[in-house]
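Since we're looking at a predicted model, the values are computed, not measured.
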Amino acid sequence: SKEGGIKRNMIHYKLQQFIDLAKQNNATSFVLSTDAKVYLRTNNELKKLNDSEKLNKNEIDEIILSFLSIDLQKKLINDGNVECFFDTEANSKIKVQIFAHQNGLTATFNLIKNEIADLEDLNFPDQILTKINNLDSGLVIFGGKPSENTSSLMASIINEINKSTTKHILYLNEETTFEFNNIKSLINQRKIQKNVENYESALKEILKEHFDMIVIEEIKDEKTLKIALNLSLSGYIVLTTMKTNSTINTIQKCKFLYSNQKENELLEILASVLKIIIYKENQAFDILLNNHQISTLIRLNKLHQIKWVQ
């Protein structure tokens, strides 16, 4: 877990009830907040459990302190927010995002299945998997709203590649969510701040090695974006995820993250290295395949015209 770990085997009995309730309702997450009822998110819709009781400040604090370590408690007090992970059972992990507000605390518990889904069950297009598998370099981005868990889709694709081809794959993440068995490919997973100090250090080491594919769990700031672009320019296949609203919005978010003064530089690089954007919403996929027309529109910053040539 991040920032010093969490208390193990100390899940509050009420918290366990909420976890069980979320699973029974096939929810992807649930929210506990001071002086509020419980909310479940199912199929991207947030629903209030009207028959649940409001949780007061003492109850919320007791639940959250039941799994936060001293280090994380200090971070929450100092920063007003904290993020951590904990395991609940085999093949199940929970990502918790906590923040302070005027009434107390709010915590969102995201249920993550460690088990890698079979790609056939996700109805992912075979021809796109083939295109990814046949790449020799370039950037592939999996986009989706925060509730979509695009990392799970990306993990399923990596596992299909693992079954069919022999590649050396390096997976960089801040928290190990999925664990892979080496089938045909060799997959090494490195946890930032545990196996390597930071992304910059990882980049320096990668450029000395011969990997076929690099996986960056998520691009969420300029630092991780630049590393993904650098690796793509260096001849690696790079797979990553971003929280976005559409295929076009994925490019727009790259612009937002990148230094404003160097927008033309970014667009030139993206036009060159971007191969595929896969946007997932519920069970549907919107896929952008870069080609000469699209790369020209990216280079000229005419992103609104891309939808007419897809």
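- From L32, atom CG reaches atom CD1 of I98 across 10.0 Å, with rounding to the nearest 0.5 Å.
- Listed by first then second residue, pairs satisfying ring-ring contact (aromatic ring centres under 6.0 Å, His included) with a partner in residues 241-271 number zero, not counting sequence neighbours.
- Judged by distance alone, the side chains of N81 and Q97 never bring a donor and an acceptor atom under 3.5 Å apart.
- Not a single donor-acceptor pair under 3.5 Å links the side chain of N103 to the backbone N or O of T34.
- Between K14 and the options E59, E62, E53, a salt bridge (charged side-chain N to carboxylate O under 4.0 Å, His left out) holds for only E59.
- Note on L186: it does not cluster hydrophobically with I214, by side-chain heavy-atom contacts below 4.5 Å among ILVMFWY residues.
- The OG1 atom of T244 lies 8.0 Å from the CD1 atom of I277; values are rounded to the nearest 0.5 Å.
- N25 and T42 form no side-chain donor-acceptor contact under 3.5 Å, judged by distance and modelled atom types alone.
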Applying side chain to side chain donor-acceptor pair (under 3.5 Å) to D20 and Q16, what does each step give before you reach the verdict? CA-CA 6 Å; D20 293 340; Q16 187 60 59; 3.0 Å; yes
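- No more than 12 heavy atoms of other residues, nucleotides or ligands lie within 6.0 Å of NZ in K145, so this atom counts as exposed by the packing criterion.
- Residues that satisfy the side-chain contact (heavy atoms from CB on, under 4.5 Å) test with L203, not counting sequence neighbours, are L207, I227, N230, L231.
- For residues 139-172, the ring-ring contact (aromatic ring centres under 6.0 Å, His included) pairs, not counting sequence neighbours, are H168-F211, Y171-F180.
- Partner of S29 under the side chain to side chain contact (heavy atoms under 4.5 Å, CB included) criterion, out of V96, L40, N110: N110 alone.
- Partners of S232 under the side-chain contact (heavy atoms from CB on, under 4.5 Å) rule, at least two apart in sequence or in another chain, are L139, V238, V273.
- Note on residues 268-290: pairs passing ring-ring contact (aromatic ring centres under 6.0 Å, His included), not counting sequence neighbours, are F124-F285.
- Residues that satisfy the salt bridge (charged side-chain N to carboxylate O under 4.0 Å, His left out) test with K243, not counting sequence neighbours, are E218.
- In summary, E205 and K208 do not engage in a salt bridge, as defined by a charged side-chain N under 4.0 Å from a carboxylate O.
- To the nearest 0.5 angstrom, L135 atom CG is 8.5 Å from L239 atom CG.
- Distance check, rounded to the nearest 0.5 Å: CD of E217 to CD1 of I192 gives 10.5 Å.
- The two residues T150 and G143 make their nearest non-hydrogen contact at CG2-O, 3.4 Å.
- Under the rule for a salt bridge (charged side-chain N to carboxylate O under 4.0 Å, His left out), the partners of D79 that lie at least two apart in sequence or sit in another chain are K75.
- N182 approaches I187 most closely through the heavy-atom pair OD1-N, 2.8 Å.
- Under 4.0 Å is where a charged nitrogen must lie from a carboxylate oxygen, and between R41 and E45 no such pair does.
- Put simply, L55 and F99 are part of two different groups of oily side chains (I, L, V, M, F, W, Y) that touch within less than 4.5 Å, one to the next.
- Residues L288 and I278 form no side-chain contact, since every pair of their non-hydrogen atoms from C-beta on lies 4.5 Å or further apart.
- I94 and V31 fall into different hydrophobic clusters, where Ile, Leu, Val, Met, Phe, Trp and Tyr residues are linked whenever their side-chain heavy atoms come under 4.5 Å apart, directly or through other members.
- Within the structure, the side chain to side chain donor-acceptor pair (under 3.5 Å) test picks out the following pairs touching residues 287-302 (sequence neighbours left out): K255-N301, E263-N301, E268-R299.
- Hydrophobic clustering of Ile, Leu, Val, Met, Phe, Trp and Tyr side chains at less than 4.5 Å, counting indirect connections, keeps I132 apart from I183.
- The side-chain contact (heavy atoms from CB on, under 4.5 Å) check on K54 picks up K37, with sequence neighbours excluded.
- Side chain of K280 to main chain of N282: a donor-acceptor pair is present (N/O by atom type, distance under 3.5 Å, no hydrogens or angles).
- S137 places no side-chain N or O within 3.5 Å of a backbone atom of G235 that could act as its donor or acceptor partner.
- Between the CD atom of E281 and the CG atom of N245 there is a distance of 8.5 Å, given to the nearest 0.5 Å.
- Tracing side-chain contacts under 4.5 Å through hydrophobic residues (I, L, V, M, F, W, Y), one reaches V309 starting from I251; they form part of the same cluster.
- Separating the CD atom in E160 from the CG atom in D118 is a distance of 5.5 Å, to the nearest 0.5 Å.
- A tilted orientation is assigned to the rings of F86 and F67, their planes being inclined by 30° to 60°.
- Legend: residues meeting side-chain contact (heavy atoms from CB on, under 4.5 Å) with T224, ordered by chain and number and at least two apart, are Y199, I219, D221.
- Judged as a ring-ring contact (aromatic ring centres under 6.0 Å, His included), not a single pair has a partner in residues 222-247 (not counting sequence neighbours).
- Listed for the N173 side chain is no donor-acceptor partner under 3.5 Å among the backbone atoms of Q189.
- Applying the ring pair (Phe, Tyr, Trp, His ring centres under 6.0 Å) rule to Y39 yields no partners; only residues at least two apart in sequence or on another chain are considered.
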N133 vs S164, side chain to side chain donor-acceptor pair (under 3.5 Å): CA-CA, chis, key distance, verdict: CA-CA 9 Å; N133 219 350; S164 60; 3.1 Å; yes
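- Scanning both residues, L68 and C84, for their nearest heavy atoms gives CD2-SG, 4.0 Å.
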